[in-house]
Novice: 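A single structure is presented below for examination.
Just so you know, residue 1 is the first one in the sequence shown, and it goes up from there.
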Amino acid sequence: MCGVIGIVTNQPVSQALYDALTVLQHRGQDAAGIVTWSDDHGLKQRKSNGLVRDVFRHRHMMRLKGHVGIGHVRYPTAGGSKSSEAQPFYVNSPYGICLAHNGNLTNYEELAELLIRDDRRHLSTNSDSEVLLNVFAHELQTRVNGSPTPENIFDAIDAVHRRCRGGYAVVALIVGFGIVAFRDTHGIRPLVLGERAAADRKDYMVASESVALDILQFTRVRDVRPGECIYIENNGAFHCRDYSGAVSYTPCIFEHVYFARPDSILDNLSVYKARLRMGEQLAGKIVRDFPDHDIDVVIPIPDTSRTAALQVAYHLGVKYREGFIKNRYIGRTFIMPGQAQRAQSVRHKLNAIDLEFRGKNVLLVDDSIVRGTTSKQIIKLAREAGARKVYFASAAPPVRYPNVYGIDMPAASELIANGRSVVEIQELIGADRLIYQDLQGLIRSVRHDNSEISEFDTSCFSGEYVTGDVTEEYLRELEERRNDAAKRKSGNKRKHNVGESRANVVGL
């Protein structure tokens, strides 16, 4: 999962991009990058591994001149945290194009081969984002003779959709002309459009979450539609066109479970309201499955489960208490690149308040259970703090299947629920009782306010992949490439082969 931003304005844009990236930092903590452009200063870029606050120093910000720009925060679905694949990526033909991408292409290998063999394009990384950039650049180059028109760009993006499969939300900067934004034909990965009144024109912004618009005082206009392409010229002229082929509206439901901030609105759905309803549905499940419960207190596992846990406590009629204090300077353990690092970080991240646990039957509520590492460690913390019994509830159903659309859980062997019953999972994490949300309950919770969406991508829960191209062979190959052992090997190899020169391709 990554975060992307694109802004077209008539004011200096670097500080706005920086501020927006900081509020999307939860979407990726591995690397960050910004590209800006202006008539007077040309193309400027800064990108590197690390948090936004560490990547961009005063000297970098002073060089990022321009009124048009794009930004990206990254976490790796392949490669280690020392990878060189910070975005945006850049190609110099045609015009010069920079691209930032959130998602994952399921036909990456096929596309990479065709780009090298047939399109005669060079790839310098193992990133599907670079592949997507080169597909777009090739399709645009075959359609233009001189300056690109909106129709040229829309036709090129239509061709991208025909060639690329998977989940993707993209912002791209065409040097000297403007910003292009588009979303996969299933709307799996989110992308939101905003505008802001200026003196003689409108400023435009696209971002992975609406909270990035809020922080810069842009008004949320709507979500970018599945397959739609938006082109905003440097002078503020706005163009858009829907994809000419088949589309469906099946956004990723896991955005609402875990990734998105609660104050965001995605696909016209409030993440906060969805999580409130997850708590209501989960409370109903607990009452049905555990009618004679002896729960004394409900305690959330900070931060994403707080909203759901509050509703669980209310509907069960028991106390809600904050039992864990979180160290704000430790990253989100789910998006850390290795299992050993995730396990070690739980102890550093959370500390239990003994008086909320001692002698009590405690219900711990989390948003989901993926690998089970965090859950097992937290239950152990609760017992050490003196809890008599520790029950555990997940606001999401069991994560049994790989996600192939841009979330870092592709290896089935790393998923604690894969091939196991609820009782077996309960024993593995050390809970006295384990309760999972029903899938239909989760869907009802999220879909409530948007009748346009008939279904979601629920592949990590159901094993049903909305793009229709995910085979057992593909999943086996993906597991070999993207399990934690492969990431460590890949990260160590890249650490020795890649220098700062690749991390700053266009000249800072």
Novice: Mind checking side chain to side chain contact (heavy atoms under 4.5 Å, CB included) for D200 and listing every partner two or more places apart, or none if nothing turns up?
Specialist: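 Side chain to side chain contact (heavy atoms under 4.5 Å, CB included) list for D200, sorted by chain: N10.
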Novice: Please, which pairs that meet salt bridge (charged side-chain N to carboxylate O under 4.0 Å, His left out) have at least one residue in residues 185-195, sequence neighbours excluded?
Specialist: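 Residue pairs passing salt bridge (charged side-chain N to carboxylate O under 4.0 Å, His left out), neighbours aside: R189-E255, E195-K202.
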Novice: Among pairs that include at least one residue of residues 236-246, which meet salt bridge (charged side-chain N to carboxylate O under 4.0 Å, His left out), considering only residues two or more places apart or in two chains?
Specialist: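 Found E151-R241, D155-R241, D158-R241, R225-D242.
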Novice: Applying ring-ring contact (aromatic ring centres under 6.0 Å, His included) as the test, list every pair that has at least one member in residues 184-205; sequence neighbours left out.
Specialist: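 The answer is Y204-F238.
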Novice: With sequence neighbours left out, what residues match F136 under ring-ring contact (aromatic ring centres under 6.0 Å, His included)?
Specialist: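 Residues passing ring-ring contact (aromatic ring centres under 6.0 Å, His included) with F136: none at all.
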Novice: Once salt bridge (charged side-chain N to carboxylate O under 4.0 Å, His left out) is applied, what residue pairs with a partner in residues 262-272 remain, sequence neighbours excluded?
Specialist: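 Applying salt bridge (charged side-chain N to carboxylate O under 4.0 Å, His left out) to every pair that reaches into residues 262-272, excluding sequence neighbours, yields R183-D267, R261-D263.
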Novice: Can E110 and R165 be counted as an ion pair, charged N to O under 4.0 angstrom?
Specialist: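 Answer for the salt bridge query: yes.
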Novice: What pairs with E452 under salt bridge (charged side-chain N to carboxylate O under 4.0 Å, His left out), at least two apart in sequence or on another chain?
Specialist: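 In terms of salt bridge (charged side-chain N to carboxylate O under 4.0 Å, His left out), with neighbours along the sequence ignored, E452 is linked to no residue.
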Novice: Taking only residues two or more places apart in sequence, or in another chain, which ones meet H41 in a ring-ring contact (aromatic ring centres under 6.0 Å, His included)?
Specialist: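 Testing H41 for ring-ring contact (aromatic ring centres under 6.0 Å, His included), a comparison that skips the adjacent residues, returns none.
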Novice: Start with the C-alpha distance between F461 and V399, add both sets of side-chain angles, then the distance that settles side-chain contact (heavy atoms from CB on, under 4.5 Å), and finish with yes or no.
Specialist: CA-CA 5 Å; F461 306 120; V399 178; 3.6 Å; yes
Novice: Who passes side chain to side chain donor-acceptor pair (under 3.5 Å) against R201, sequence neighbours left out?
Specialist: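 With sequence neighbours excluded, R201 shows a side chain to side chain donor-acceptor pair (under 3.5 Å) to no residue whatsoever.
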Novice: Taking only distance into account, with no hydrogens and no angle test, what donor-acceptor pairs under 3.5 Å do side-chain atoms of residues 170-178 form with protein atoms, sequence neighbours excluded?
Specialist:
none

Novice: Can you confirm whether Y272 is buried at OH, in the sense that more than 12 heavy atoms of other residues, nucleotides or ligands lie under 6.0 Å from that atom?
Specialist: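 Counting other residues, nucleotides and ligands, OH of Y272 stays at 12 neighbours or fewer.
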Novice: List the residues meeting ring-ring contact (aromatic ring centres under 6.0 Å, His included) with Y243, not counting sequence neighbours, and say none if there are none.
Specialist: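 For Y243 the ring-ring contact (aromatic ring centres under 6.0 Å, His included) partners, ignoring immediate neighbours, are H161.
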Novice: Can you establish whether the number of heavy atoms outside R53 located under 6.0 Å from its atom CZ is more than 12?
Specialist: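 Counting other residues, nucleotides and ligands, CZ of R53 stays at 12 neighbours or fewer.
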Novice: With sequence neighbours left out, write down each residue that passes side chain to side chain donor-acceptor pair (under 3.5 Å) with T9, or none if nothing qualifies.
Specialist: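 Partners of T9 under the side chain to side chain donor-acceptor pair (under 3.5 Å) test: D203.
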Novice: If we ignore angles and hydrogens, is there a donor and acceptor under 3.5 Å between the side chains of E455 and T250?
Specialist: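 No, because no side-chain N or O of E455 sits under 3.5 Å from a partner of the opposite role on T250.
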